[in-house]
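Working notes, structure below.
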2 protein chains.
Amino acid sequence: MVNIGDVARAAGVARSTASYALSGKRSVSDEVRDRVRRVAAELGYTPNAGARALATSQSKVIGLLAQFLPDEFAPAMLQYIQGVANTARDAGYDILLASDPDGPGALKRITDSRMVDGVVLLNVAENDDRLPILRAAPQPGALVGLPADCTGVDVFDLDFEEAGRAMVEHLDRLGHRELILVSQPEHVIERGGAYVWRLQNAALETARNRGITLHAVHGSSAQPEIGRELHALLDSRPGATGLLLNNEAAAAALPTVLHERRLSAPGDLSVLGRYSDEFARTFSLPFSSIESAPDRLGRMAVRQLVRRIEHQAPEGEPYVVRFVSPELVDRGSTAPPPNRH
Amino acid sequence: MVNIGDVARAAGVARSTASYALSGKRSVSDEVRDRVRRVAAELGYTPNAGARALATSQSKVIGLLAQFLPDEFAPAMLQYIQGVANTARDAGYDILLASDPDGPGALKRITDSRMVDGVVLLNVAENDDRLPILRAAPQPGALVGLPADCTGVDVFDLDFEEAGRAMVEHLDRLGHRELILVSQPEHVIERGGAYVWRLQNAALETARNRGITLHAVHGSSAQPEIGRELHALLDSRPGATGLLLNNEAAAAALPTVLHERRLSAPGDLSVLGRYSDEFARTFSLPFSSIESAPDRLGRMAVRQLVRRIEHQAPEGEPYVVRFVSPELVDRGSTAPPPNRH
DNA sequence: CTGAAAGCGCTTACAG
DNA sequence: CTGAAAGCGCTTACAG
């Protein structure tokens with residue numbers, strides 16, 4: 001392959017001059033600059049990434065740590081990845097995708113080897129075992145998901161407490177008195193998926209304050225289990241008039257369950273989920289939902305990470321914990337409860 | 001960070017000896033080897049990836065070119081990515097994910113800069129504009145998807161012709177005489193998605209040979225359009241007793257459509273799709289299907305790519321075009337046509 | 001079995 | 001405005 005020495009020779013200048021002419025980091029006569037650039041284009045010169053990284057200590061690559069866990073819903077994960085990838089590209093960074101089940105190991109490898117200038121962690125758990133590695137690494141990191149300890153990293157997440165409150169308040173205002181909340185599986189919590197109880201606790205407290213009965217349960221993250229569970233749940237709580245879903249698999253399964261029961265929303269049951277608009281479209285879900293904004297969170301994380309990498313964030317600028325406010329996307333699946341006798 | 005010089009000094013040997021002790025590429029006395037390795041572990045030494053790449057001309061990274069096109073179904077794409085990522089990791093390679101809308105540009109950038117040792121192209125089109133770039137690149141490439149010209153690359157794809165034949169034959173055997181085939185949107189073909197007509201043409205020919213009426217149509221790749229289209233289609237072809245789906249969005253939308261029409265499969269209508277088992281589970285699709293094996297295709301592509309990269313494939317070994325045979329996963333949605341009068 | 005040295009392809013102070 | 005040289009951190013022939 002052609003290297004910068006070839007370009008310099010063909011342009012009749014020194015390698016350093018060729019480098020400066022291409023980077024613009026030092027002024028070069030117009031004539032030389034144009035000649036070098038023309039020659040570089042003609043020869044099809046592209047800098048060797050390894051050599052450049054070695055010389056500059058910058059790889060122009062961002063590490064993306066995603067995990068495809070069997071108890072998380074893969075299509076939901078994809079949207080975060082897309083948000084991160086698109087924003088990184090626009091900022092001039094490539095993405096090294098580490099989907100290793102051994103998260104800490106993968107993180108240590110890509111940071112220690114200087115393959116990446118910074119790192120985005122997806123699916124962050126309460127006590128995420130990747131965080132000690134990240135804090136010890138020389139590169140900055142941005143998280144999507146709220147851990148117990150946020151020191152040394154920038155954190156972005158949906159405001160799940162507010163989401164829990166908003167969901168209950170919305171149905172309270174419509175006059176509902178008995179609700180069901182289906183959350184993710186219990187082992188998501190055990191693994192440290194704090195968002196599950198953050199939403200649930202806020203929902204329970206709001207319900208208590210407003211004299212509403214709220215049945216909080218956990219549901220499976222896959223078919224056909226979750227479908228059976230939803231049936232059993234609706235059987236056992238005939239008085240409930242509203243269904244809140246903090247579980248993507250449950251949301252995806254619900255249309256079929258409702259059809260099978262000859263129920264419709266909101267006529268027979270008000271339904272309110274928590275997932276992204278893109279998710280709703282993919283699964284053609286007709287239910288109103290709290291927007292979880294994965295693309296937006298991915299974008300925010302990358303933007304802040306790039307600021308840190310490029311030292312646009314003043315040295316010592318405090319780390320941020322930023323919550324995205326939940327917004328309700330009304331798809332017409334909530335209404336006052338039906339009259340019963 | 002600690003580099004190999006630090007390790008060498010701490011172990012009291014030359015840098016070259018340290019390097020050999022760690023790599024094992026030349027015999028080193030047991031004593032020295034153990035000492036170097038212990039010291040390296042104590043200091044937490046990890047080789048600098050850029051320096052190593054520069055010295056060896058190997059990055060140990062595989063480029064993955066995926067595109068999230070609005071007319072392709074994103075969750076289906078994810079499974080190929082997972083197959084590629086998992087296999088690459090097991091082979092000791094990291095993944096550089098390029099989801100750039102400008103595929104050729106991204107490919108040129110990551111190959112010219114030597115960021116990657118090889119490349120996997122997903123979603124390959126009939127006349128894919130990334131192929132000329134790939135052929136000109138010094139790195140080997142593996143494709144998932146069949147282009148018109150396969151020279152210089154290894155190609156892996158589902159045997160869509162055989163899939164089309166198998167679908168029609170299966171319903172013929174059950175006694176169906178009038179079928180509908182819903183393919184991907186027409187612009188997928190225009191963009192070069194050859195698998196659409198490969199399956200369709202084979203299905204049409206098989207139907208013709210067997211005296212079966214086959215209505216071949218294109219469907220949208222998103223809700224709610226595809227739902228409406230399915231309704232209109234079933235309205236306009238009341239005599240059809242079997243529905244073939246080569247369109248993931250249509251498959252995902254069909255359960256709702258059938259419920260709305262008070263139809264069930266296979267009682268009222270036999271249904272046969274073409275998607276992966278994982279896809280069926282995610283969308284809880286109760287329809288039999290031709291397995292599209294995305295994980296397997298991703299795995300095959302990476303395995304062959306790694307062979308080429310590591311020269312385990314003898315110099316000049318011919319390039320392969322390998323088709324995965326379609327397998328029918330029976331979920332009980334096909335049966336003899338209902339008796340009508 | 002081990003060491004000193006060259007070289008991979010860049011960038012960037014240092015001189016002029 | 002430009003060039004010669006050092007250095008980033010590895011690996012690997014070349015010597016002994």
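Given the structure is predicted, the values throughout are model-derived calculations rather than measurements. Here is how names work: the chains are called A, B, and so on, in the same order as the sequence lines, proteins then strands, and each is numbered from 1.
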Give the nucleotide from the list [options] with an atom nearest to the side chain of [X].
X       : options                : answer
A/Tyr20 : C/dA13, C/dT11, D/dA13 : C/dA13
B/Ser27 : C/dC1, D/dT11, D/dT2   : C/dC1
A/Ala51 : C/dA4, C/dG9, D/dC10   : C/dG9

Salt bridge flag under 4.0 Å for residues B/Asp94 and B/Lys60
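No salt bridge links B/Asp94 with B/Lys60.
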
Would you call B/Arg307 and B/Glu317 a salt bridge, taking side-chain N to carboxylate O under 4.0 Å as the test?
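The answer is yes: the pair qualifies as a salt bridge.
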
Does a side-chain N or O of [X] approach OP1 or OP2 of [N] to a distance below 4.0 Å, or not?
X       : N      : value
A/Ser23 : C/dT11 : no
B/Arg52 : D/dT11 : yes
A/Lys25 : C/dT12 : yes
A/Thr17 : D/dG3  : yes

Closest approach of B/Ala293 to B/Val324 (non-hydrogen atoms, all atoms of both residues):
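Nearest heavy atoms, B/Ala293 then B/Val324: CB-CG1, 4.4 Å.
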
If pairing means Watson-Crick or G-U wobble with both distances under 3.5 Å, then the partner of C/dA4 is none

Return the pairing partner of C/dA13 with a 3.5 Å limit on both distances, Watson-Crick or G-U wobble; otherwise return none.
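Because no pair has both required distances under 3.5 Å, C/dA13 counts as unpaired.
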
How many Å lie between [atom1] on [X] and [atom2] on [N], as a whole number?
X        : N      : atom1 : atom2 : answer
B/Ile4   : D/dG7  : CD1   : P     : 19 Å
A/Asp34  : D/dC1  : CG    : C1'   : 15 Å
B/Asp112 : C/dC10 : CG    : P     : 11 Å

Tell me which of A/Ser29 and A/Arg15 sits closer to the 5' end of DNA chain D, going by the nucleotide each one is nearest to.
A/Ser29

Please confirm whether any donor atom in the side chain of B/Arg26 sits under 3.5 Å from an acceptor in the base of C/dT2, or the reverse.
yes

Tell me whether the side-chain N or O atoms of A/Ser16 pair up with the base of D/dA4 as donor and acceptor below 3.5 Å, since no angle test is needed here.
yes

Specify the residue among B/Ser57 and B/Val28 whose closest nucleotide of DNA chain C lies further upstream toward the 5′ end.
B/Val28

With sugar-phosphate meaning primed atoms plus P, OP1 and OP2, does B/Ser19 contact a base, only sugar-phosphate, or nothing at under 4.0 Å between heavy atoms?
base

Does B/Tyr319 have B/Arg308 sitting over its ring (NZ/CZ under 6.0 Å from centre, angle to axis within 45°)?
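Yes - B/Arg308 lies over the ring of B/Tyr319, closer than 6.0 Å to its centre and within 45° of its axis.
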
Please evaluate residues A/Val36 and A/Val13 with respect to the criterion side-chain contact (heavy atoms from CB on, under 4.5 Å), reporting the C-alpha separation (whole Å), side-chain torsions for both, the decisive distance (0.1 Å), and the verdict.
CA-CA 8 Å; A/Val36 169; A/Val13 298; 4.0 Å; yes

